[in-house]
Asker: 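Sending over a structure as structure tokens; questions will come in a sec.
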Amino acid sequence: MSDLLAARTQMALSLGFHIIFAEIGIAMPLLMVLAEWRWRRTNDEVYLHLAKRWAKGTAILFAIGAVSGTVLSFELGLLWPGFMGFAGPIIGIPFSLEGFAFFTEAIFLGIYLYGWERISARAHLAAGLIVAASGAASAIFVVMVNAWMNTPTGLTQSHGTLTGVDPISGMLNPSSFQQCIHMVLAAYAATGLAVAGLHAGILVWKRPSAFHKHALTLALLVGAPAAVLQPISGDVSARVVALWQPIKLAALEGQFETERGAPLRIGGLPNVDEGRTRGAIEIPHGLSLLAYHEFNSEVRGLASFPRALWPPVAVVHVAFQVMVALGSMMALVGLWSLVVLWRQHTTANSRRLLIALAIVTPFGFIATEAGWTVTEVGRQPWVIQGILKTSDAVTPMPGLVVPMTLFAVLYAVLAAIVVVLMRGLVRETQ
Amino acid sequence: MSDILSTAGKPEVVAGIIVLALNAYVLMGGADYGGGVWDLFASGPRRDAQRELIANTIAPIWEANHVWLIVVVVMLFTGFPAAFATVGIVMHVPLTLMLLGIVLRGSSFVFRSYGSQTGPSRRWWGTTFAIASVITPVLLGDVIGAITSGAVGFASNRISTASFASVYIEPWLAAFPLSVGAFALALFAFLAAVYLAHAAHDAELQEDFRKRALVMASAVLVTATVAMLLSSSAAPRVMEGVMFSGWGILIHVATGTSAVTAIVMLWKRNYAIARYAAAAQVSCIVWGWAFSQYPYVIPTTLTIHDSAAPEITLDLLLTGLGVGALVLIPSLWYLFRTFTARRRLTR
């Protein structure tokens with residue numbers, strides 16, 4: 001394994017690990033605050049029990065998110081000193097803001113978790129709300145950095161050094177808005193539907209109880225609307241990609257030739273040597289319509305770009321298909337849940353819906369990993385699109401396969417322990 | 001110091017704020033690591049009570065305290081990107097080991113708090129937490145020592161020409177950086193013992209930590225002396241700055257005064273004042289180190305001025321820090337007030 005590949009793998013593992021905990025850290029606080037609020041409104045002790053349960057889960061997952069996030073902040077320099085030395089003055093500003101948002105989140109989470117008997121009811125609820133809001137703000141600032149890597153603005157350079165920077169314009173780059181919306185919705189949809197799915201499963205196959213019914217309803221209130229809105233946000237995302245990163249669009253759609261009225265390919269496997277995508281279901285004019293909202297608009301194919309600038313096409317295409325397929329199913333189940341919830345004020349009586357919810361439990365997190373793969377692998381060989389190659393950003397230190405292996409083992413062990421602990425938490429409630 | 005004040009521009013202000021954040025991390029996050037050290041060395045009839053006090057004191061605040069380190073890292077790469085890149089390259093090995101320590105310390109702490117409360121797994125997490133709490137501060141001190149000694153700057157100029165060992169290993173695996181690591185560990189353990197003596201309600205527990213604090217006060221003195229002696233050959237700039245310059249003597253006097261105050265107050269069992277004196281002592285040490293590095297971020301290759309980000313970035317960073325502080329300082333005050341107040345709301 002080359003050092004560059006080892007560095008990319010370590011970064012991918014670290015981000016792929018952290019993103020799950022980050023998503024949970026954004027959405028779980030909202031759930032626990034909702035439960036506490038219901039308890040204070042209704043005096044129904046089940047809600048208090050639920051709020052404390054969720055708070056306990058949040059405490060564990062937030063801590064893992066915090067330490068894995070620390071690893072990332074260092075890894076930027078340990079693995080990509082060329083990137084940080086170059087881009088630090090621009091991306092440092094959103095990262096600094098993220099630092100403050102994260103600080104606020106950590107402070108008020110401490111107050112929330114350990115302050116039940118130390119502060120007033122109103123203050124406690126407010127602390128939880130601050131945790132939820134600052135969690136979402138953290139995500140927005142971090143995703144702004146990623147958006148900037150996709151569509152960099154606010155810099156002038158000559159011969160690889162910055163001659164002028166405008167961090168504000170960098171933060172407000174063309175991808176920022178849609179990527180931030182897409183990520184925050186993903187966090188609520190993935191976490192909300194995962195929690196709903198867990199409780200739905202217990203309601204169907206284990207003992208039904210008020211605890212699980214309340215939990216299911218609250219989780220759906222957070223997860224289902226986000227899942228329904230996500231395809232709209234995805235459509236906007238794809239159009240921004242079409243406009244600013246046409247090569248990424250071509251890769252994720254498996255579009256090799258430049259074409260008017262390009263078809264939308266569902267499934268299939270791109271073959272870069274043959275220059276075509278085999279086995280896909282093609283919907284005529286679909287891609288032109290989605291990407292530019294015009295029936296016969298021209299979509300640039302990979303062949304119109306130098307081969308050296310192609311991302312790994314098959315990986316990007318398959319990841320994109322996985323994300324869209326899982327996201328679509330989540331949107332459908334989300335919509336179904338909302339209709340049932342609207343009519344019956346609970347979803348606990350519809351066995352079929354409960355089973356569907358149980359099935360989609362992990363979908364959001366898998367879709368997140370797939371989506372992250374699309375945006376990151378789809379930008380290769382660039383770390384900053386069109387400006388800095390990933391291979392020019394990597395550390396000169398040899399032997400990177402060693403830290404990569406260390407972190408891979410560490411993350412695998414941590415993930416296993418977290419799963420065991422979470423199972424224990426869920427079991428205690430049955 | 002006068003030349004710093006007369007030439008101070010925005011880069012110096014940002015550098016000063018980074019040191020301030022590092023100082024906060026040492027006083028708060030450092031003490032949490034020190035708590036882990038005392039978990040490892042919990043002993044005697046009140047062994048479990050000691051561990052419980054440590055866990056209860058750390059639990060609500062360690063994550064917030066930990067964020068100071070992230071603030072330091074982020075401000076460093078925003079304000080001094082070239083310095084961050086240099087440290088990232090040359091200090092790859094110790095920083096990676098330190099990260100493993102950070103991850104293991106934090107995760108084992110929550111696993112112990114929230115996992116099964118009985119059986120071998122709990123003991124296993126406790127041991128991991130305690131050992132990681134010892135190793136991490138040593139590596140943090142070691143990295144700072146390596147930077148200060150000039151070895152990082154020297155190695156960064158020879159990345160493509162010198163051997164792997166001389167660029168990536170020798171700068172930090174040397175007597176002086178390791179002595180700074182031992183010094184950092186002693187300082188953190190000292191701080192923690194003083195804080196814990198103050199936090200303990202039980203008189204016997206207070207005595208346990210008072211004794212530990214007094215032992216650690218001498219360990220601080222010993223490790224500081226060793227580091228000083230080694231610095232005369234390994235880091236002559238530090239030696240010169242700390243020992244002979246005007247500000248160096250000033251900081252020496254302040255450090256000495258607060259150290260003596262801390263020991264006397266510990267002796268007299270006045271923990272409230274001992275706590276502030278110990279914090280003042282440690283802060284003086286942090287600032288003494290910072291001034292000894294001036295005007296370098298990475299001695300002796302990157303100065304504050306050479307490696308500073310463009311002015312617009314520094315302006316935005318300072319504005320952001322100002323606004324952030326308005327949110328952060330009251331929040332932190334509220335956090336500490338909530339968990340140090342002896343009273344509890346009755347429900």
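Below, chains carry the letters A, B, ... as their sequence lines are ordered, and counting in each starts from 1.
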Asker: Heavy-atom distances under 4.5 Å only: say whether B/Phe77 touches chain A with side chain, backbone, both or neither.
Answerer: both
Asker: Which heavy atom of B/Pro81 sits nearest a heavy atom of A/Met84, and at what distance?
Answerer: CB-O, 3.5 Å
Asker: Please identify, among A/Ser68, A/Ala101, A/Gly88, the residue contributing the most non-hydrogen atom pairs under 4.5 Å to chain B.
Answerer: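 Ranked by heavy-atom pairs under 4.5 Å with chain B, first place is A/Gly88.
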Asker: More than 12 foreign heavy atoms under 6.0 Å from CZ of B/Phe154: is that the case here?
Answerer: no
Asker: Would you check, one step at a time, whether the test side-chain contact (heavy atoms from CB on, under 4.5 Å) holds for A/Met397 with B/Val93?
Answerer: CA-CA 10 Å; A/Met397 196 187 90; B/Val93 180; 4.3 Å; yes
Asker: Do A/Val420 and B/Phe111 have side chains that approach each other closer than 4.5 Å (heavy atoms only, starting at C-beta)?
Answerer: no
Asker: How are the rings of A/Phe103 and B/Trp68 set to each other: parallel, tilted or perpendicular (split at 30° and 60°)?
Answerer: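 If you compare the ring of A/Phe103 with that of B/Trp68, the planes turn out perpendicular.
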Asker: Could you go through the side-chain contact (heavy atoms from CB on, under 4.5 Å) check for B/Trp125 and A/Ile417 one step at a time?
Answerer: CA-CA 11 Å; B/Trp125 296 133; A/Ile417 294 164; 3.1 Å; yes
Asker: Top residue by heavy-atom pair count (under 4.5 Å) with chain A, among B/Thr86, B/Leu95, B/Val90?
Answerer: B/Leu95
Asker: Considering non-hydrogen atoms only, spot the tightest contact between A/Gly92 and B/Val74 and give its length.
Answerer: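 Heavy atoms of A/Gly92 and B/Val74 come nearest at O-CG1, 4.1 Å.
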Asker: Less than 4.5 Å to any heavy atom of chain B: does that hold for the side chain of A/Ile130, its backbone, both, or neither?
Answerer: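 For A/Ile130, neither part sits under 4.5 Å from chain B.
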Asker: What distance separates B/Ile61 CD1 from A/Ile107 CD1, expressed to the nearest 0.5 Å?
Answerer: 11.0 Å
Asker: Using 0.5 Å steps for rounding, measure from the CD1 atom of A/Ile168 to the CG atom of B/Leu316.
Answerer: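 The CD1 atom of A/Ile168 sits 4.5 Å away from the CG atom of B/Leu316.
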Asker: So, for A/Pro89 and B/Thr313, which heavy atoms are closest and what is the spacing to 0.1 Å?
Answerer: O-OG1, 2.9 Å
Asker: As an exercise, state the distance from CG of B/Leu317 to CZ of A/Phe95, rounded to the nearest 0.5 Å.
Answerer: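 Going from the CG atom of B/Leu317 to the CZ atom of A/Phe95 covers 14.0 Å.
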Asker: Which residue out of A/Ile93, A/Val71, A/Leu79 racks up the most heavy-atom pairs below 4.5 Å with chain B?
Answerer: A/Ile93
Asker: Heavy-atom distance under 4.5 Å between the side chains of B/Ser160 and A/Pro396, does that happen here?
Answerer: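 No; the side chains remain at least 4.5 Å from each other.
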Asker: Just so I know, are the side chains of A/Ile111 and B/Phe339 near enough to count as touching, which here means a heavy-atom distance under 4.5 Å?
Answerer: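 Side chain of A/Ile111 against side chain of B/Phe339, heavy atoms only: contact under 4.5 Å found.
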Asker: State, to 0.1 Å, how close A/Gly99 and B/Val67 come at their nearest heavy-atom pair, and which atoms those are.
Answerer: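 Result for this residue pair: O-CG1, 4.1 Å.
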Asker: By a 4.5 Å heavy-atom criterion (distance strictly below it), what part of A/Leu61 contacts chain B: side chain, backbone, both, or neither?
Answerer: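 Contact with chain B is absent: no heavy atom of A/Leu61 under 4.5 Å.
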Asker: Which of the residues A/Thr70, A/Ile64, A/Val165, A/Ile60 is involved in the greatest number of heavy-atom pairs with chain B at under 4.5 angstrom?
Answerer: A/Thr70
Asker: Does any backbone or side-chain atom of A/Phe108 lie under 4.5 Å from a heavy atom of chain B? Answer side chain, backbone, both or neither.
Answerer: side chain
Asker: What do you reckon, is CZ of B/Arg123 surrounded by more than 12 foreign heavy atoms closer than 6.0 Å?
Answerer: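 Not buried by this count: 12 neighbours or fewer within 6.0 Å.
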Asker: Just wondering, do B/Val327 and A/Phe100 contact through their side chains at under 4.5 Å, heavy atoms?
Answerer: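 Not touching, per the 4.5 Å side-chain cut-off.
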Asker: Measuring only between side-chain heavy atoms, which start at C-beta, is B/Leu104 closer than 4.5 Å to A/Leu410?
Answerer: yes
Asker: Looking only at side-chain N and O atoms, does A/Thr395 offer a donor or acceptor that is under 3.5 Å from a partner on B/His92?
Answerer: no
Asker: For B/Ala308, is it the side chain, the backbone, both or neither that has a heavy atom under 4.5 Å from a heavy atom of chain A?
Answerer: neither
Asker: Does some side-chain heavy atom of B/Pro60 sit less than 4.5 Å from a side-chain heavy atom of A/Leu113?
Answerer: no
Asker: Taking all non-hydrogen atoms of both residues into account, name the closest pair between A/Ser73 and B/Phe84 and its distance.
Answerer: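 Shortest heavy-atom separation between A/Ser73 and B/Phe84 comes out as O-CZ, 3.7 Å.
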Asker: Pick from B/Asn65, B/Leu332, B/Ile159, B/Leu76: which one has the most heavy-atom pairs with chain A under 4.5 Å?
Answerer: B/Leu332
Asker: Pick from B/Thr96, B/Ile70, B/Leu69: which one makes a side-chain contact (heavy atoms from CB on, under 4.5 Å) with A/Phe74?
Answerer: B/Leu69
Asker: Dump the intermediate steps for side-chain contact (heavy atoms from CB on, under 4.5 Å) on A/Phe407 and B/Leu100, then the final yes or no.
Answerer: CA-CA 8 Å; A/Phe407 278 103; B/Leu100 293 176; 4.1 Å; yes
Asker: For residues A/Leu78 and B/Leu99, determine if any side-chain heavy atom of one lies less than 4.5 Å from a side-chain heavy atom of the other.
Answerer: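 Side chain of A/Leu78 against side chain of B/Leu99, heavy atoms only: contact under 4.5 Å found.
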Asker: Rounded to the nearest 0.5 Å, how far does CG of B/Leu321 lie from CG of A/Leu97?
Answerer: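 Going from CG on A/Leu97 over to CG on B/Leu321, the span is 9.5 Å.
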Asker: Just verifying a value: how many Å separate A/Glu105 CD and B/Ser331 OG, rounded to the nearest 0.5 Å?
Answerer: 12.5 Å
Asker: Checking heavy atoms, do the side chain of B/Met98, its backbone, both or neither come under 4.5 Å from chain A?
Answerer: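 Contact with chain A: side chain only.
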Asker: Measuring from atom OH of A/Tyr114 to atom CG of B/Asn56, what distance do you get when rounded to the nearest 0.5 angstrom?
Answerer: 9.0 Å
Asker: Looking only at heavy atoms, what is the nearest atom pair of B/Ala85 and A/Pro81, with distance?
Answerer: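 Here B/Ala85 and A/Pro81 meet closest at CB-O, 3.4 Å.
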